[in-house]
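Hydrogens, waters and symmetry mates play no part in the numbers below; they use all other heavy atoms, side chains included.
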Amino acid sequence: MIDIKEVGFLARVASKEIGVATSAIKNEVLKIAADEIIRKTDEILKANHDDLLEGKKKDLSSAMLDRLMLNVQRLDELSQSIINISNQNDPIGCVLSEWKQPIGLTIKKITTPIGVIGVIYESRPNVTGDAAALCLKSGNSVILRSGSDCLRSSIEISKCFKTALEKVKLPIHTIQLIPTSERTAVSQMLGLSEYIDVIVPRGGKSLVSLVQEKA
């Protein structure tokens, strides 16, 4: 059994450190993760093969199987997408507005990290990499809950980020993927407002409706 509260607590602790990490450190994590995805291509594709076999047993449509499928080209594109995110300007610390009070006090509105983001998504395993990269770039820790159809693939992709975090000595709990297909994990995440600041649903209307209802 996965202790979702423990996952949330660890994400909150990690958010304190990633929230003040420099652009250089965050970009280094992303570039290492992108390299790891290429280096671990065989492992990721093997996991994806198992996901596809399971999907065929469930009689998933050809369109759903195509969303689920990874190959060398798609992993190359995912790796490049993460590199592109690392090359973007840091969204943290930007001055959005500034004004001066009559008494001489200067006030600035500056972008800061949100804290802990939960991302719930369905069949596309590449979302694991994109969501992890975007959250890390913006100084947030993230809890990922992939669809059961792409769970094996998502676990392998998330490992690439953990390796990168370890190499630069940032908390590995900055990026966590809940390694279960149990539906109760979604409900538990939606009730974790003490730790998760924002939930992002990426999927069909039923998923969005569930989040709206329960969060």
Should Val211 and Leu190 be marked as a side-chain contact (heavy atoms from CB on, under 4.5 Å) after you check the CA-CA gap, both sets of side-chain angles, and the distance that decides it? CA-CA 7 Å; Val211 172; Leu190 296 177; 4.1 Å; yes
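- Taking each heavy atom of Asn48 and Pro125 in turn, the nearest pair found is ND2-CG, 4.3 Å.
- By the criterion of side-chain heavy atoms lying less than 4.5 angstrom apart, applied directly or through intervening Ile, Leu, Val, Met, Phe, Trp or Tyr residues, Val29 is grouped together with Leu134 in one hydrophobic cluster.
- Looking at Met189 and Ile196, their side chains come closer than 4.5 Å, going by heavy atoms from C-beta outward.
- Proximity of Ile155 to Lys159: side-chain heavy atoms (C-beta onward) are separated by under 4.5 Å at one or more points.
- Contacts classified as side chain to side chain donor-acceptor pair (under 3.5 Å) and involving residues 194-204 (residues at least two apart or in different chains) are given here: Arg12-Asp197.
- Atom CD of residue Glu122 and atom SG of residue Cys150 lie 9.5 Å apart, to the nearest 0.5 angstrom.
- Checked options Leu65, Leu68, Asp51; the residue passing with Lys56 is Leu65 (criterion: side-chain contact (heavy atoms from CB on, under 4.5 Å)).
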Test side-chain contact (heavy atoms from CB on, under 4.5 Å) on Ser81 and Asp130; report intermediate values, then the result. CA-CA 7 Å; Ser81 173; Asp130 288 334; 3.0 Å; yes
Is there a side-chain contact (heavy atoms from CB on, under 4.5 Å) between Lys16 and Val20? Walk through the geometry before answering. CA-CA 7 Å; Lys16 306 298 183 184; Val20 295; over 6 Å; no
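- For Asp66, the CG atom counts as densely surrounded, since its 6.0 Å shell holds more than 12 non-hydrogen atoms of other residues, nucleotides or ligands.
- Between Lys46 and Glu156, the closest side-chain pair of non-hydrogen atoms is not below 4.5 Å.
- To the nearest 0.5 angstrom, Ser79 atom OG is 13.0 Å from Asn126 atom CG.
- A salt bridge links Lys58 with Asp149; the closest basic N to acidic carboxylate O contact falls under 4.0 Å.
- One hydrophobic cluster, built from ILVMFWY side chains closer than 4.5 Å, cannot hold both Leu52 and Leu75; they sit in different ones.
- With sequence neighbours excluded, the residues satisfying side-chain contact (heavy atoms from CB on, under 4.5 Å) with Val7 are Ile2, Ile143, Gln176.
- Using a 4.0 Å cut-off between a side-chain N of Lys or Arg and a carboxylate O of Asp or Glu, Lys137 and Asp90 do not qualify as a salt bridge.
- Residues Ile199 and Ile178 are members of one and the same hydrophobic cluster, defined by side-chain heavy-atom contacts under 4.5 angstrom among Ile, Leu, Val, Met, Phe, Trp and Tyr.
- Counting heavy atoms from C-beta outward, Lys31 and Asn87 have side chains that approach closer than 4.5 Å.
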Please list, one pair per line, the donor and acceptor atoms closer than 3.5 Å that link side chains of residues 100-117 to other protein atoms, with sequence neighbours excluded.
unit_1, atom_1, unit_2, atom_2, d
Thr111, OG1, Pro91, O, 2.6
Thr111, OG1, Gly93, N, 3.0
Thr111, OG1, Cys94, N, 2.9

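- Side-chain contact check for Ile25 versus Ile18: every heavy-atom pair is 4.5 Å or farther apart.
- Contact between Ile92 and Ser138 at its shortest, heavy atoms only, is CD1-O, 3.3 Å.
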Under the side chain to side chain donor-acceptor pair (under 3.5 Å) rule, what do Gln80 and Asn84 come out as? Steps first, then yes or no, please. CA-CA 6 Å; Gln80 186 57 53; Asn84 292 343; 2.9 Å; yes
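- Atom-to-atom distance recorded for Arg39:CZ and Cys160:SG is 8.0 Å, nearest 0.5 angstrom.
- Note on Val186 and Tyr121: separate hydrophobic clusters, where clusters join Ile, Leu, Val, Met, Phe, Trp and Tyr whose side-chain heavy atoms are under 4.5 Å apart, directly or indirectly.
- Within the 4.5 Å cutoff, the side chain of Arg145 has no heavy atoms near those of the Thr180 side chain.
- To the nearest 0.5 Å, the span separating CG on Leu151 from CD on Glu54 amounts to 10.5 Å.
- With contacts defined as side-chain heavy-atom distances shorter than 4.5 Å, the pair Leu144/Thr128 qualifies.
- When all heavy atoms are compared, the tightest approach of Met69 to Arg74 is O-NH1, 2.6 Å.
- Pairing each heavy atom of Phe161 with each of Gly129, the nearest pair is CZ-O, 3.5 Å.
- Note on Lys167 versus Glu36: salt bridge recorded, some NZ/NE/NH1/NH2 to OD/OE distance being below 4.0 Å.
- Note on Leu177 and Ile120: separate hydrophobic clusters, where clusters join Ile, Leu, Val, Met, Phe, Trp and Tyr whose side-chain heavy atoms are under 4.5 Å apart, directly or indirectly.
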Run the side-chain contact (heavy atoms from CB on, under 4.5 Å) check on His173 and Val13 step by step: do they pass? CA-CA 8 Å; His173 299 111; Val13 172; over 6 Å; no
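- Pairing each heavy atom of Ser141 with each of Ala11, the nearest pair is OG-O, 2.8 Å.
- Val142 has its side chain out of reach of Leu136: every pair of non-hydrogen atoms, C-beta onward, lies at least 4.5 Å apart.
- In this structure, Glu98 CD and Leu96 CG are separated by 11.0 Å, a value rounded to the nearest 0.5 Å.
- Taken from CD1 in Ile37 to CD1 in Ile157, the straight-line distance is 6.0 Å, to the nearest 0.5 Å.
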